[in-house]
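These numbers come from the heavy atoms of this one structure, side chains and all, not from hydrogens, waters or symmetry mates. From a predicted model like this one, the values you see are computed outputs, not experimental measurements. Note on naming: letters A, B, ... go to the chains in the order of the sequence lines (proteins, then strands), and numbering restarts at 1 for each one.
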Amino acid sequence: MQFPVRQRRLIANPKTELYVHFLQFYGQPPLENISLSEFETFAVDRLKLLKTVENSGVSQVKGSEPYQKKLDKEFSNLNFPNKPDIKEEDKDGPNEYEKRRKDHISHFILRLAYCQTEDLRRWFIQQEVDLFRHRFNRLTSVQKSSFLKHNNLHYETVGLVEKTALTDKLVQSSYAGSGSKVDTQDYYKVPFQDALDLVRNRKAYLKAGYVYIPQQDIVITVLNDFRTQLSKALALTARSLPTVLSDERLQPLLSHLSHAYVGQDYSIQKNMGKISLEQIDPLSGKSFPLCMRGLHQALRENHHLRHGGRMQYGLFLKGIGLTLEQALQFWRSEFTKGKVDMDKFDKQYAYSIRHNFGKEGKRTDYTPYSCLKVILSNAPSQGDHHGCPFRHSDAELLKQKLQSYKVSPSGIAQILDLVKGMHYQLACQKYFELTHNIEDSGFSLNHPNQYFLESQRVLGGGGKEAKAEPPQRAPDVAAKPPLDPPALAEMAEDLDAYFQDG
Amino acid sequence: MTSADYEPASLPDLLPLYYRRLFPFSQYYRWLNYGGVQKNYFQHREFSFTLKDDIYVRYQSFNTQNELEKEMQKMNPYKIDIGAVYSHRPNQHNTVKSGSFQALEKELVFDIDMTDYDDVRSCCSAADICPKCWTLMTIAIRILDRALREDFGFRHLLWVYSGRRGVHCWVCDEAARKLSVAARSAIAEYLSLVKGGDETVRKVVLSDPIHPSIRDALKVVERYFPQYALHDQAVLGLKESVDKVLALVPEDILYGGTDSREPLLKDLHTYFESEKNPEKRWGLLRGCATTKQGTLKKGQHFEKEIMLQYCYPRLDVNVSKGVNHLLKSPFSVHPKTGRISVPIDLRQLDKFDPFDVPTISLICAELDRPRVGEEEEQVPKEKDSDIDAAERRRIRDYKRTSLAKYVKVLDQFLDGVALSNRGELLKKSDLQKDF
């Protein structure tokens, strides 16, 4: 899609022209000066908004009534524009204008904070797309057309005569179109350059250079383009980021923003040092997720783990609270039982353990791997024990392992079913429920350390140390409400989407 | 004089003659200049030449038609490729700050190569072609031409014989030239239906509903199928071919769909043993398909899939995707066959015979023919000083050879383009109130 660069910025009344609609594509960055405090407030508010978008999307079906209500409330609370129909007099009043300006500026600030890594970008784009979809769907048909036209998107409605003449072809072109549906909904004509996905997959009727899209599919096209544009923009932003970060006033704020709110990464521990080495064996059976339990077992049996396993397990241990000294002692004692003598250990392995804790090299304090990372990257090969057993283990082997851990046959069957459907995290959750003897885990699993913490919580903290508290991150990261099936399915779908992309 | 007289070794002698007296430079320039609507369009166009001894030079560019002529007459390229219109003169690209030198525009192009059909043609393979398999090109041209015009709205399509085993399409509309990589790739995907390599048996998969463009393609294929596939290619003749076709028939049709695995297949085989007539065999196969379509089971369009797998155009997406992709130029000579890469007149498509296309040796020989019926067409006596003598002579020259009718096709194509351009210029001048 071409978002044409507007050659002229001559606007009659700058205020009214700039924010004609309550919704925008964020094509042009804001050109004004703002105060640092406004900078900060705007950014934090938008972040809260996006967090709400994320949470709502997980706990409710997107687009449903409760979903919309929740978002609308947050919009008002945080002073973001949420109503497309403002009475004409009010629209140009400072209030609405202020809201739209905030929307505009805060988006661009967050771009700076979220452009740096793949994970950040992905999260940001996902929330912004959901936000856009929510607001776009609030528009009436007429408003949609007006908005699209205003943004130079040439979505022309197909006249009745033409539509009737083309009914057969329209029916033949998309799954959505059956005879009756063609009558009852509007079709748009879009230049094919603006709907390439539909063209590429032959998912719509094409005539004389125009794609004929039913109303219900238009939002998909618009969203696709919004997503693509934003993705490109973030890549560009990342390139100019060093310049921005060199401004000392901005740098701390931007790092704080990107670290604080994307979800827990279990790297800073409040419970550091509260686990003793003797506890690891019993803990591995009770509170470790299957992957870590397996790694621990392999380490005990072979007195060795290869690099992938050392990374995955080592960082996990750091996440549950092992200190550097404890880690060194742990690994050294295990490895020296095997083929590695003290000296060799110190030379070859100690360095990388210290590296994991950020005490060597570029001093990055590595974060323990999330489930997605374990599942998607670095697949294990012969001789490896890392990875996600639900993903990487052969079904038979998995079954045997679960049997040896005394999981009930019906439980095993349920787990294997989930694995077949590629719902690996749900399978692990089911494993959690079965081993902890509870009906509903009450959380949505996406991190091995989360598994550990939740397990400790369920078991009442076990062992002589105090209960491991969830690390305090952002004020609004509370226990998430239990997920209902549609939300679970949707999360699983996201994971599926990764696989389908090859 | 037959085309068989062409010897690659004679190229060094023939090429100078060709470029001095036959190559249609003025039409060529007229084409690539596109009416002068965009400044420097011709000057920023990349050409690449393959010279004697396989020396390859890229980033050639020229300021005027004259310069183009002089250079080509000096270098006598064995092959000429046309590339993109760049942001700067290609022959100065080394002086441009790295990163600024960009390919901006190029015609949307398609390359259909007969070797891509080797798994479905029994008469030839690799670089060979014959009248029996040439039908595949005819079918490809008809299907793609319709789709590009009716579905995408393009109007200025130049189809060119590549000189050996395929055809090229140059879509010259302004909108086409400005297409992004993503758009080109999407168009190529839209037009692609046959997917998979050696390891894929079933290369066409149709699902309901069948898209209108595929329906239109099927109409074309059905027209040619009986003569081309059943007769010329005998796909239901030799056992080996029959087996290949049957491999595309769904198992439950072949095996009856229940536990009784053999009956239907035996029936088809038995039937084929007694019935040699390919048309009748095909009729039965279609009959099975029609029955199956009533059941909404999977694989219900298998007879259509078979026809498409054997006939639907197979294009190389990579050729079409890149804005900077170089493609053989029309009126370039094919060094192996000697044939000139000539435009194809779509109004006479069914009569087009690749073996009738003139070779460079033929047309050079025709130059020496005694002038018969001197000057059938008068060269208009315009201001003589403007068209220099050499050019006038050249205009007379190619007209005396078999090349004439192909240059005419290009002329007519260019007239069409010019008509559109005039419309554009008028619109522009109206907007600027330039009366």
| query | Stepwise, does the side chain to side chain contact (heavy atoms under 4.5 Å, CB included) test hold for B:Ile187 with A:Phe192? | reply | CA-CA 9 Å; B:Ile187 296 175; A:Phe192 79 88; 3.6 Å; yes
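- With rounding to the nearest 0.5 angstrom, the OG atom of B:Ser185 is 8.0 Å from the CG atom of A:Leu196.
- At a threshold of 4.5 Å between non-hydrogen side-chain atoms, the residues B:Pro209 and A:Ser173 do not count as touching.
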| request: Apply the test side chain to side chain contact (heavy atoms under 4.5 Å, CB included) to residues A:Lys207 and B:Asp151: give CA-CA distance (whole Å), side-chain angles for both, the deciding distance (0.1 Å), then the verdict. | output: CA-CA 4 Å; A:Lys207 181 168 167 245; B:Asp151 296 354; 5.9 Å; no
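- Taking CZ of B:Arg215 as the reference point, atom CG of A:Asp168 lies at 9.0 Å (rounded to 0.5 Å).
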| said: Quick one, A:Arg202 with B:Ile214, criterion side chain to side chain contact (heavy atoms under 4.5 Å, CB included). Give me CA distance, side-chain angles, the key distance, then yes/no. | reply: CA-CA 10 Å; A:Arg202 274 191 303 265; B:Ile214 302 182; 3.7 Å; yes
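- Summarising the local packing, CZ of B:Arg155 is surrounded by 12 or fewer heavy atoms from other residues, nucleotides or ligands at distances under 6.0 Å.
- The contact between B:Ser192 and chain A is made entirely by backbone atoms, counting heavy-atom distances below 4.5 Å.
- Looking at every heavy atom in both residues, B:Tyr190 comes nearest to A:Val199 through CD1-O, 3.2 Å.
- No donor-acceptor distance shorter than 3.5 angstrom exists from the side chain of B:His211 to the backbone of A:Gln172, with no hydrogens or angles considered.
- Considering only heavy atoms from C-beta on, B:Leu179 comes within 4.5 Å of A:Gln193 through its side chain.
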